[in-house]
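Each ligand, and each atom within it, is numbered from 1 in the order the structure gives.
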Amino acid sequence: MRIFLKIIFISFIGTFFPLHQTNPSPPVLITDIRFWSAPDHTRVVLDLSEPIQYESLPQEKPLQVHLILKKATLRTPKRELEINDPFLIRLSLTEIEKGEVRLILHQKRPLHVNIFPLKPYLDKPHRLVIDLVDLVQEKKEQEDRQKQKEATPKGTKIVVIDPGHGGEDPGAIGPKKTMEKEIVLKVGEKILHLLKKEKGIQGFLTRKGDYFIPLEERIKIARDYGADLLISLHTDGSFNPKARGSSVYCLSLSGATDEAAKILADKENMSNILGGAVLKPTSMVKDPNLNQILLDLMQNNSMKESFRFAEILLENIKNINGLKYPTYRQANFIVLKAPDIPSVLVEMAFISNREDEYLLNQSDFQEKMAKTIVLSIKKYFRP
Ligand SMILES: [Zn+2]
């Protein structure tokens, strides 16, 4: 009788709590892991089948971060990655008991850890981003830029070249898988090399490798260097594989000149979402010390100067490539929003077009584009 009652009791519990007993939620699949090394931080990114719960456990001896990823299974063959940049030695992923995965980040020095999720976007799945930031180096980078500015001889014009995208954000991708972020960095480096030979003009890059910088931060970097001109380098992408040609864009404060320019600005501004921007309080586009009237005056002047440079640039680019439009276009590009720095964005060619993609990959074409931009910079500063 007692056994009979027990059986009834157990089946009673079973009918009330069947889901907990028999149908646990499936584990989150970790499908990939990669890292990006920047001058002041390392970014580690995990691809996931869905959002994940985690616990972060910093350790001092040895200096490590242990990240326990809950209800997770590894679906990537990558278990150990040698990093060996200034901040991390390596990372290792291991499945541990209770359906958990442990990620160990072996540090070289004390680092500030910032962990945040990224939602799926386009072909990107759910992601977990782990930024390991060297706060001392971050400050030093900024101080070094300001020192460069102070050390620049009086009368020298400063140009900051901004290779778009980077890291998690590849930019547009060509039919042969050429990535915008790689081409723009190559052209940026060529421009810098050419500018070194120019007296009275000094060039700097916002991005020196394959890592992501938020759009607002790019303006701040340009301002640290004391930029007289900011040129953001890009390659266009279109669903129409026949679309070709170069184009030049300036900021608009009152809506885009046309729908295509608006769509392009929206696409370029998406960089912050794709790249995983963490906006710091210091990433202000406007300097809080400036008053509004002064700011408006500066903005007006910067825009006029941007238009003047854009015209010079188009005039020169048409000698090396077809133009998408005969004049510059305007839209609300975040990276062009510095009120105190004339800024233009160049779409050098269409990476989505087979012929343009071929050209963009040619060192010869990259060199020609760099020379054309340098020629335009020289003309702009010495009208
Ligand atoms: Zn772009």
Side-chain angles (χ1 to χ4, degrees), residues 36 121-124 160-191 205-219 221-222 230-241 243-252 256-277 306 310 313-314 317 321 323-325 328-338 343-353 356-357 359-361 365-366 369-370 372-373:
W36 311 102
Y121 189 77
L122 298 178
D123 59 340
K124 302 268 186 179
V160 172
I161 306 295
D162 171 47
H165 313 277
E168 273 297 281
D169 172 19
I173 297 175
K176 289 222 155 42
K177 305 282 173 251
T178 309
M179 288 188 229
E180 177 179 359
K181 67 174 181 179
E182 286 171 7
I183 302 294
V184 293
L185 184 59
K186 280 185 187 156
V187 177
E189 284 165 350
K190 286 186 192 302
I191 295 174
L205 290 172
T206 54
R207 174 165 80 81
K208 295 167 191 158
D210 190 7
Y211 52 89
F212 180 72
I213 307 173
L215 298 169
E216 293 80 354
E217 197 69 20
R218 293 168 195 251
I219 295 177
I221 292 172
L230 170 68
I231 306 170
S232 192
L233 299 178
H234 293 260
T235 66
D236 224 330
S238 171
F239 288 117
N240 173 9
R244 288 192 72 174
S246 309
S247 49
V248 175
Y249 295 85
C250 297
L251 177 67
S252 165
T257 40
D258 56 285
E259 190 56 22
K262 186 189 174 298
I263 291 169
L264 182 77
D266 289 346
K267 205 165 64 187
E268 296 295 5
N269 293 343
M270 277 301 166
S271 186
N272 269 349
I273 295 172
L274 279 169
S306 309
L313 193 53
L314 281 163
I317 287 183
N321 197 25
L323 297 183
K324 187 174 159 195
Y325 308 114
Y328 61 84
R329 302 281 158 131
Q330 288 175 261
N332 189 26
F333 294 91
I334 296 173
V335 76
L336 303 183
K337 278 190 168 182
S343 309
V344 303
L345 184 142
V346 192
E347 298 282 354
M348 299 186 287
F350 273 84
I351 207 164
S352 50
N353 174 275
D356 270 9
E357 183 189 27
L359 277 180
L360 286 165
N361 269 309
F365 181 79
Q366 294 168 5
M369 187 54 81
T372 304
I373 292 171

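Excluding waters, the set of protein N, O or S atoms lying under 2.8 Å from the Zn ion (ligand 1) comprises His165 NE2, Glu180 OE2, His234 ND1, Glu268 OE1, Glu268 OE2.
Put simply, the side chain of Asn272 gets close to the backbone of Leu215: a donor and an acceptor are under 3.5 Å apart. Although no hydrogens or angles enter the test, the distance criterion places a donor-acceptor pair under 3.5 Å between the side chain of Lys267 and the main chain of Gly237. With hydrogens and angles ignored, the 3.5 Å screen pairs a side-chain donor or acceptor of Arg207 with a backbone N or O of His165.
With contacts defined as side-chain heavy-atom distances shorter than 4.5 Å, the pair Arg329/Ser247 does not qualify. Residues Asn361 and Lys176 have side chains not in contact (no heavy-atom distance under 4.5 Å, counting atoms from C-beta outward).
Atom NZ of Lys208 has 12 or fewer heavy atoms from other residues, nucleotides or ligands within 6.0 Å.
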